[in-house]
A.B. asks: 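Below you'll find the structure I mean.
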Amino acid sequence: MERLAPELIAELKEKKEPDKGLPPLNIKGRLVMRFAPNPNGPPTIGSSRGIIVNSEYTKKYGGKFIIRFDDTDPATKRPMLEAYDWYLDDCEWLGAKPDEVVIASDRILKYYEVARQLIEKGSAYVCFCEQEEFKALKDVKKACLHRDEEIGKNLESWKKMISGEFKEQEAVLRIKTDIAHKDPAIRDWVAFRIIKTPHPRHEVGGKYNVWPLLDFEGAVEDHLLGTTLIIRGKDLADSEIRQRYVYKYMDWKYPETMHWGRVQIHEFGKLSTSGLKKAISEGTYTGWDDPRLPTIRALRRRGIRSEALRKFMVELGLGETDISLSLDTLYAENRKIVDPVANRYFFVWAPVELEVEGAEPKVAKAPFHPSRGEMREIPVGTKVLICQSDVDNLKEGERLRLKDLYNIQVTGISPLTARFIGTDMDIVKKEKGRIIHWAPPDGQKVRVLSPDGEYSGIGERGLEKELDKVVQFERFGFVRIDSVRDDEVLAYFTHK
RNA sequence: GCUCCGAUAGUGUAGCACGGCCAAUCAUGUCAGACUCUCACUCUGACGACUGGGGUUCAAAUCCCCAUCGGAGCACCA
């Protein structure tokens with residue numbers, strides 16, 4: 001068999017190994033993909049899926065990856081100036097540096113040009129209907145009287161729109177589709193509307209009175225950029241049908257498309273950009289990198305590695321199912337990366353002081369990492385701090401181990417008292433005694449910011465040296481040492 | 001109301017385009033155990049799913065129909 005049909009054997013083997021992650025692409029010609037956010041807030045975990053998957057594909061197939069800022073709504077979804085750089089910065093951090101960056105608000109004239117051509121072809125018209133008026137007609141598959149206006153008149157109205165002769169709401173430019181299309185969402189959609197609010201970018205400001213809507217801007221851009229494959233949310237599936245009209249009129253070739261479902265994250269639930277913006281300005285959150293937020297900036301600050309996020313997103317694959325996922329998988333991925341390199345430290349939250357009767361001051365030695373030899377040194381007197389949560393579980397007479405220090409026996413609960421009973425580790429093992437961590441009372445003040453609140457306590461001296469690194473606070477979890485202020489170490493919780 | 005998607009274990013995913021190899025993959029999770037001077041890591045084992053009903057067929061997770069459930073669009077938002 002092997003001799004007769006080696007290719008069959010190869011095929012069998014291949015089938016045995018299921019295709020993990022992103023499905024293979026079947027594209028002819030060069031792969032050009034784009035990720036097109038509205039920079040009205042910072043990139044979130046959701047955005048990272050788009051960034052990662054697009055860049056992953058273009059890397060794999062030697063294609064081109066473009067970031068396009070769809071910032072054509074200066075009013076309702078007003079762009080945020082800082083967000084442009086945030087996107088670029090987070091892309092780079094994710095290992096998805098774009099080959100090209102395009103800003104839609106720089107290219108309004110190009111859209112005007114296409115609009116003019118469409119009007120000349122009789123494929124677009126200026127409509128003066130009020131919204132409800134048009135909707136009423138549309139719902140019964142009827143055209144409004146503007147639809148049949150002559151081309152010359154339309155061109156003239158279009159010029160007036162652009163030059164600002166009309167008020168907002170007074171006129172729009174519609175693309176002719178099929179007014180009787182069975183899907184009401186397709187019928188003569190709006191391509192441009194009048195917005196007089198200046199754009200936040202100073203390069204643009206009040207230059208334009210007329211702004212394209214996403215379907216039009218995206219349609220033109222994807223052609224201009226030579227996009228060959230679009231991956232977009234299922235919610236934008238109808239866009240394709242609408243945009244295809246423009247492509248047909250202009251005789252362009254529509255890119256291939258794929259869709260994915262909505263992603264919801266258990267830990268964060270439904271949070272809207274605008275809602276977050278408000279909560280931040282009200283002080284509910286400390287900023288866009290507050291550890292409680294689902295932004296990439298927050299994950300970065302918490303010490304999540306980009307490789308972990310990439311892997312996580314790639315393994316989600318591409319499905320049209322709406323998914324609701326838990327960050328546990330991301331954390332597990334990150335833990336695997338971080339655990340072998342993170343130094344260990346003691347951190348005692350909600351500390352309780354304990355005087356150990358009969359103990360001698362000494363310098364405790366504990367390994368930086370259980371699988372490596374280097375030791376850290378912790379000088380300690382006769383008093384130690386231990387966690388309130390450990391104290392709660394103590395019983396009088398209980399013998400336990402202060403990790404890397406010595407053994408003690410609890411002689412009283414309230415007030416808490418204990419005495420030194422030796423240093424022998426073998427006894428602890430034999431008795432299966434509990435081992436708890438501790439900190440010297442004159443240790444380093446530490447504050448940990450985590451998604452479920454703040455922890456204050458005392459850690460070991462030496463944490464300052466771990467600035468910007470992820471360390472493990474034993475029996476607490478992984479943490480990124482963020483900064484040192486007023487002799488207090490500030491850490492961000494990564495995960496357990 | 002009209003229209004378009006989708007549905008595999010707690011979660012996510014493989015398999016579905018070409019029906020049999022699927023008593024259904026992998027990861028994560030949970031539980032149990034081993035290892036360990038951490039409730040981390042590692043290792044071992046267990047748990048756990050084809051939404052329902054019809055049909056086609058020798059044979060259906062895979063094809064068809066209906067139902068149910070979920071999501072989305074019908075915006076001068078993206």
Side-chain angles (χ1 to χ4, degrees), chain A residues 12 15-21 23 36-40 70-73 75-79 127 129-131 134-135 138-139 141 168-174 181-187 189-195 210-215 217-218 233-242 259 261-264 266 273-274 311-312 315-333 335-336 338-340 342 344-346 366-367 369-371 389 401-407 425-426 428-429 433-437 472-478 495-496:
Chain A
L12 273 174
K15 269 223 161 172
K16 282 269 154 60
E17 194 121 352
D19 234 333
K20 295 292 295 180
N38 175 4
N40 63 341
D70 282 348
D71 58 344
T72 56
D73 182 355
T76 341
K77 287 212 171 156
R78 180 159 244 264
C127 175
C129 291
E130 301 217 346
Q131 272 182 69
F134 186 86
K135 180 174 167 42
K138 182 192 74 177
D139 283 346
K141 306 181 177 179
E168 289 188 11
Q169 311 288 319
E170 205 176 334
V172 295
L173 186 79
R174 288 186 187 278
H181 196 286
K182 64 172 179 171
D183 183 350
I186 307 304
R187 300 171 195 159
W189 48 277
V190 176
F192 287 86
R193 80 301 212 189
I194 300 168
I195 297 177
V210 174
W211 289 87
L213 278 101
L214 177 74
D215 281 330
E217 178 264 331
K234 241 182 14 176
D235 50 324
L236 259 33
D238 285 344
S239 278
E240 174 168 349
I241 306 172
R242 283 191 285 261
H259 300 97
R262 281 192 97 69
V263 180
Q264 222 193 64
H266 291 321
T273 305
S274 51
K311 193 150 185 256
F312 179 68
E315 287 186 354
L316 273 191
L318 257 181
E320 293 202 27
T321 330
D322 297 319
I323 56 180
S324 164
L325 39 91
S326 154
L327 254 23
D328 282 348
T329 318
L330 172 66
Y331 294 156
E333 214 64 74
R335 195 178 293 116
K336 281 180 200 152
V338 141
D339 183 86
R344 269 55 175 172
Y345 288 93
F346 291 150
H369 193 281
S371 57
S389 52
R401 172 75 171 185
L402 295 178
K403 188 168 186 280
D404 301 310
L405 187 61
Y406 45 57
N407 309 332
M425 196 52 216
D426 293 334
V428 180
K429 284 186 182 168
R434 276 202 289 167
I435 299 164
I436 65 169
H437 69 290
Q472 189 200 46
F473 283 160
E474 292 194 37
R475 306 211 301 141
F476 179 77
F478 293 90
H495 45 65
K496 285 293 284 179

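Every chain is numbered from 1 and lettered A, B, ... according to where its sequence line falls, protein lines coming before strand lines. Model, not experiment: these values are computed from the prediction.
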A.B. asks: Which of these nucleotides, B:A78, B:A40, B:C76, is closest to any side-chain atom of A:T72?
C.D. replies: B:A78
A.B. asks: Donor-acceptor pair under 3.5 Å: do we get one between A:Q472's side chain and the base of B:U38?
C.D. replies: yes
A.B. asks: Counting just side-chain N and O atoms, does A:R193 come under 4.0 Å of either OP1 or OP2 of B:A78?
C.D. replies: yes
A.B. asks: Going by an N to O cut-off under 4.0 Å, is there a salt bridge joining A:K496 and A:D328?
C.D. replies: no
A.B. asks: Using the C1' atom as the reference point in each nucleotide, state the distance between B:A7 and B:A14 in Å, no decimals.
C.D. replies: 16 Å
A.B. asks: Take atom P in B:G48 and the same atom in B:C64, then report the distance between them in whole Å.
C.D. replies: 32 Å
A.B. asks: Decide, for B:A17, between syn and anti: a glycosidic angle within 90° of 0 counts as syn, anything else as anti.
C.D. replies: syn
A.B. asks: Should A:K182 be listed as having a side-chain N or O under 4.0 Å from OP1 or OP2 of B:C4?
C.D. replies: yes
A.B. asks: Partner lookup for B:A72, please. Criteria are Watson-Crick or G-U wobble with both distances under 3.5 angstrom; report none if nothing qualifies.
C.D. replies: B:U3
A.B. asks: Mind checking who B:C50 pairs with, Watson-Crick or G-U wobble, both distances under 3.5 Å?
C.D. replies: none
A.B. asks: Have a look at A:L214 and say if it touches a base, only the backbone sugar-phosphate, or nothing, with a 4.0 Å heavy-atom cut-off.
C.D. replies: base
A.B. asks: Between A:Q131 and B:C76, is there a side-chain N or O to OP1/OP2 distance below 4.0 Å?
C.D. replies: yes
A.B. asks: Check every strand shown and say whether A:K403 touches a base, only sugar-phosphate, or nothing at a heavy-atom separation below 4.0 Å.
C.D. replies: base
